[in-house]
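Have a look at the structure below, then the notes.
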Amino acid sequence: MMTYYRQFTCEDMLKFNKVNLDPLTETYGVSFYMQYLAKWPEYFMVAENPAKDMMGYIMGKVEGRGTDWHGHVTALSVACEFRRLHLGGEMMNRLEQVSDDKKGYFVDLFVRKSNDVAVNMYKKLGYVIYRTVIDYYTSPSGGMDEDAFDMRKPLSRDIDKRSIIAEKRFITPEELHY
């Protein structure tokens, strides 16, 4: 299937509901998406087919200082009917390239511990579990919160791969900083 990749636009917010219907996809307020679009447009991409159907999107940013300077994947989602076409991997590759071009040391992301499909995809793409963030995801139903894996992949600037050596294996969300 032919796929086109392009930067996300404001109009795309009117089209991405189908992609966001997945219960594992975090949905944010309009102002959050607009902030990413304004500050990090090169990190906000869409995959679409020739009929202009949105197949998936990725949004991220660059953050940190010194050897913590890195790309961060905030959201990656592919519509159900377009899964297993390697769109997620291709969008991740593109975000990694932007991060490499900006001289980042690594790319990181958070993923639900229970999301085996995503965890395995990220591992196939070269990501490692850097640490576990306890109770990172709030339960929408008021049940138990869920832990997240903080996964990382070193980029070309991190020759010694120091970015994937964790000081602590388990942290709380309050201990996250960049």
Side-chain angles (χ1 to χ4, degrees), residues 4-48 52-65 68-80 82-83 87-99 101-102 104-115 117-119 121-122 125 127 130-153 171-178:
Y4 301 99
Y5 298 92
R6 62 170 176 77
Q7 282 192 329
F8 193 93
T9 67
C10 292
E11 266 184 23
D12 291 320
M13 285 191 283
L14 304 173
K15 301 186 223 173
F16 73 177
N17 282 347
K18 180 175 71 169
V19 178
N20 275 2
L21 289 176
D22 183 326
L24 295 175
T25 297
E26 297 291 318
T27 301
Y28 306 99
V30 171
S31 62
F32 189 78
Y33 294 105
M34 293 300 288
Q35 176 188 6
Y36 272 70
L37 191 55
K39 286 187 174 180
W40 306 285
E42 65 278 19
Y43 278 88
F44 209 160
M45 293 169 260
V46 169
E48 65 183 10
K52 304 265 187 229
D53 297 318
M54 185 182 292
M55 302 164 78
Y57 71 90
I58 190 168
M59 65 186 276
K61 62 183 175 179
V62 65
E63 62 185 358
R65 285 184 165 52
D68 277 334
W69 180 247
H70 67 282
H72 174 74
V73 179
T74 303
L76 169 65
S77 192
V78 176
C80 291
F82 298 114
R83 292 191 180 153
L87 298 177
E90 179 59 29
M91 288 188 285
M92 289 294 293
N93 290 336
R94 289 168 183 259
L95 186 139
E96 290 162 13
Q97 186 59 57
V98 171
S99 299
D101 292 346
K102 291 188 174 292
Y105 283 87
F106 61 94
V107 171
D108 77 343
L109 57 92
F110 299 105
V111 60
R112 290 178 186 274
K113 240 174 117 171
S114 64
N115 191 348
V117 172
V119 170
M121 179 192 78
Y122 294 130
L125 294 173
Y127 287 78
Y130 177 68
R131 60 190 171 189
T132 300
V133 184
I134 299 164
D135 294 338
Y136 181 79
Y137 290 102
T138 305
S139 170
S141 62
M144 296 285 292
D145 290 343
E146 186 172 352
D147 296 348
F149 286 137
D150 179 353
M151 298 185 78
R152 290 186 176 187
K153 180 178 181 178
I171 65 166
T172 64
E174 294 77 32
E175 293 176 274
L176 291 169
H177 61 86
Y178 293 116

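- The CZ atom of F149 sits 13.5 Å away from the CZ atom of R131 when rounded to the nearest 0.5 Å.
- Of the inter-residue distances, the one linking L87 atom CG with L76 atom CG reads 9.5 Å to the nearest 0.5 angstrom.
- We find the CE-CE distance between M55 and M91 to be 8.5 Å, quoted to the nearest 0.5 Å.
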Between H70 and S99, does a side-chain contact (heavy atoms from CB on, under 4.5 Å) hold up when you go through it step by step? CA-CA 7 Å; H70 67 282; S99 299; over 6 Å; no
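- Side-chain contact between V98 and W40 is absent, with no heavy atoms from C-beta onward closer than 4.5 Å.
- In this structure, E96 contributes its side chain and V107 its backbone to no donor-acceptor pair below 3.5 Å.
- The shortest non-hydrogen separation linking A148 to Y137 is CB-CE1, 3.5 Å.
- With 3.5 Å as the limit, one finds no donor-acceptor pair spanning the side chains of N93 and Q97.
- In this structure, a donor-acceptor pair under 3.5 Å is present between the side chains of T172 and E174.
- Among F110, F106, Y43, Y105, the one residue that satisfies the ring-ring contact (aromatic ring centres under 6.0 Å, His included) test with H72 is F110.
- Between K15 and Y57, the closest side-chain pair of non-hydrogen atoms is not below 4.5 Å.
- Going from atom OH of Y127 over to atom CE of M151 covers 9.0 Å, rounded to the nearest 0.5 Å.
- Among the candidates M45, R94, E48, the single residue satisfying the side-chain contact (heavy atoms from CB on, under 4.5 Å) test with Y5 is R94.
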Let me see the working for Y122 and L109 under side-chain contact (heavy atoms from CB on, under 4.5 Å), right down to the final yes or no. CA-CA 9 Å; Y122 294 130; L109 57 92; 3.7 Å; yes
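- Note that CZ of F16 and CE of M54 are 7.0 Å apart. Values are rounded to the nearest 0.5 Å.
- Of the possible polar contacts, one joining the D12 side chain to the T9 backbone as a donor-acceptor pair under 3.5 Å is found.
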Give the C-alpha distance, both sets of side-chain angles, the deciding distance and a yes or no for side-chain contact (heavy atoms from CB on, under 4.5 Å) between F82 and K18. CA-CA 11 Å; F82 298 114; K18 180 175 71 169; 4.2 Å; yes
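- Between the D135 side chain and the E146 main chain, no donor and acceptor come within less than 3.5 Å of each other.
- At least one side-chain heavy atom of M13 sits under 4.5 Å from a side-chain heavy atom of F8.
- Residues P173 and I134 come closest through the heavy atom pair CD-O, 3.1 Å.
- Annotation: the span from L95 atom CG to M59 atom CE amounts to 11.0 Å, rounded to 0.5 Å.
- What you find for T132 and D147 is that their closest heavy atoms are CG2-CB, 3.9 Å.
- Of the possible donor and acceptor atoms, none in the side chain of K102 sits under 3.5 Å from a partner among the backbone N and O of V62.
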Under the side-chain contact (heavy atoms from CB on, under 4.5 Å) criterion, do T27 and Y33 qualify, and how do the steps go? CA-CA 10 Å; T27 301; Y33 294 105; 4.1 Å; yes
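- M121 and G89 get closest at one heavy-atom pair: SD-N, 4.3 Å.
- Side-chain N or O atoms of S77 include one that pairs as donor or acceptor with a backbone N or O of V19 at under 3.5 Å.
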